[in-house]
Amino acid sequence: MSCNGHRGQMLNIKIICVGKLKEKFYIDAANEYIKRLSGYCKLEVMELPEDYQQSLIKEKVQIESKIPDGAMTVALCIEGREFDSKELSALLQDSAVKGISKICFIIGGSVGLHDDLKRNANIRFSMSKLTFPHNLARVMLLEQLYRALNISGGGKYHK
């Protein structure tokens, strides 16, 4: 499955991130996985400014305004469900089969996400019980999306 649903429609994945990547090693790693993902889906990574003076409520409003209509939303948060790579692959594949062509992942800033965003998300997703910098979480999500879609496509990346 190359991110195509049962109607042959390519999966659209949007990642909304609070904060910008600044360190070259994060930027390089993210760009590598973005390039790899281009063969599997239509990907958009949207960075929203992180303003430490801004309230989580204002961030929530900004994020909500960027979520595509009809998208399945996935909030990254430590209290979410942990998926292994094959389970994430199955989730993406199952979504495509059900005709869900838009999936929006939401990564909060250094203070996390507003509770409403987590509560209203279709899925709360935790990569681990460990705490990671949000910039590293973005790179990890991109890598796991590539791995999951490669699994679905029968690729050899996942061992």
Side-chain angles (χ1 to χ4, degrees), residues 3 11-68 71-93 95 102-153 155-159:
C3 250
L11 186 60
N12 292 285
I13 296 177
K14 183 173 192 174
I15 302 173
I16 299 174
C17 311
V18 176
K20 296 194 178 297
L21 293 182
K22 295 178 182 86
E23 297 88 349
K24 184 179 182 326
F25 61 92
Y26 284 137
I27 294 167
D28 290 346
N31 286 338
E32 176 61 27
Y33 288 110
I34 289 168
K35 183 176 79 179
R36 290 181 186 195
L37 281 162
S38 68
Y40 289 95
C41 61
K42 182 177 179 227
L43 176 69
E44 178 185 3
V45 177
M46 174 174 280
E47 294 180 327
L48 300 177
E50 182 168 29
D51 180 353
Y52 299 104
Q53 306 305 315
Q54 181 172 278
S55 71
L56 279 179
I57 293 172
K58 288 181 182 173
E59 263 183 18
K60 173 183 98 82
V61 171
Q62 270 190 306
I63 291 168
E64 287 174 336
S65 73
K66 305 300 182 192
I67 297 172
M72 179 175 77
T73 55
V74 182
L76 274 70
C77 53
I78 198 163
E79 67 271 26
R81 175 181 165 207
E82 291 184 28
F83 291 81
D84 67 25
S85 298
K86 289 182 179 180
E87 289 169 332
L88 181 59
S89 178
L91 172 75
L92 296 176
Q93 198 166 11
S95 298
K102 297 181 214 169
I103 301 176
C104 184
F105 290 85
I106 305 166
I107 302 174
S110 55
V111 293
L113 288 172
H114 190 280
D115 284 340
D116 285 352
L117 286 169
K118 294 187 275 190
R119 191 174 21 257
N120 295 332
N122 298 101
I123 296 171
R124 287 179 294 164
F125 173 45
S126 173
M127 289 199 229
S128 169
K129 291 184 188 210
L130 299 171
T131 301
F132 298 104
H134 59 282
N135 291 335
L136 180 57
R138 183 189 316 189
V139 173
M140 291 169 56
L141 174 62
L142 288 164
E143 190 279 337
Q144 282 300 300
L145 288 171
Y146 173 69
R147 181 178 298 274
L149 294 171
N150 190 271
I151 289 168
S152 296
K156 297 186 187 327
Y157 181 74
H158 180 72
K159 296 173 180 62

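We use all heavy atoms of the structure for the numbers below, so side chains are in, but hydrogens, waters and symmetry mates are not.
Leu117 is listed as a side-chain neighbour of Glu64, based on a closest heavy-atom distance under 4.5 Å. Residues Leu48 and Ile107 have side chains not in contact (no heavy-atom distance under 4.5 Å, counting atoms from C-beta outward).
Under the 3.5 Å distance criterion, the side-chain polar atoms of Glu47 are left unmatched by any main-chain donor or acceptor of Val18. Between the side chain of Glu50 and the main chain of Ser110, a donor-acceptor pair closer than 3.5 Å is present. A donor-acceptor distance shorter than 3.5 angstrom exists from the side chain of Ser95 to the backbone of Leu91, with no hydrogens or angles considered. Counting only distance, with no hydrogens or angles, the side chain of Asn150 and the backbone of Tyr146 share no donor-acceptor pair below 3.5 Å.
Shown here is Lys20, whose NZ atom has more than 12 heavy atoms of other residues, nucleotides or ligands within 6.0 Å.
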Quiz item: When you look at Ile103 and Leu92, which way does the side-chain contact (heavy atoms from CB on, under 4.5 Å) test go after all the steps?
Solution: CA-CA 9 Å; Ile103 301 176; Leu92 296 176; 3.5 Å; yes

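The closest side-chain donor-acceptor pair between Glu143 and Tyr157 falls under 3.5 angstrom.
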Would you be so kind as to tabulate the donor-acceptor pairs closer than 3.5 Å made by side chains of residues 72-84, with sequence neighbours excluded?
unit_1, atom_1, unit_2, atom_2, d
Thr73, OG1, Asn122, N, 3.1
Thr73, OG1, Asn122, OD1, 3.2
Glu79, OE2, Lys118, NZ, 2.8
Asp84, OD1, Lys86, N, 3.1
Asp84, OD1, Glu87, N, 2.8

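Evaluation of the side chain to side chain contact (heavy atoms under 4.5 Å, CB included) rule for Pro68 yields Lys14, Ala71, Lys102, Cys104 as partners, not counting sequence neighbours.
Scanning all heavy atoms of the two residues, the minimum distance from Ala137 to Met127 falls at O-CE, 3.2 Å. Minimum interatomic distance between Arg147 and Ser85 (heavy atoms only, all atoms of both residues): CD-OG, 3.2 Å.
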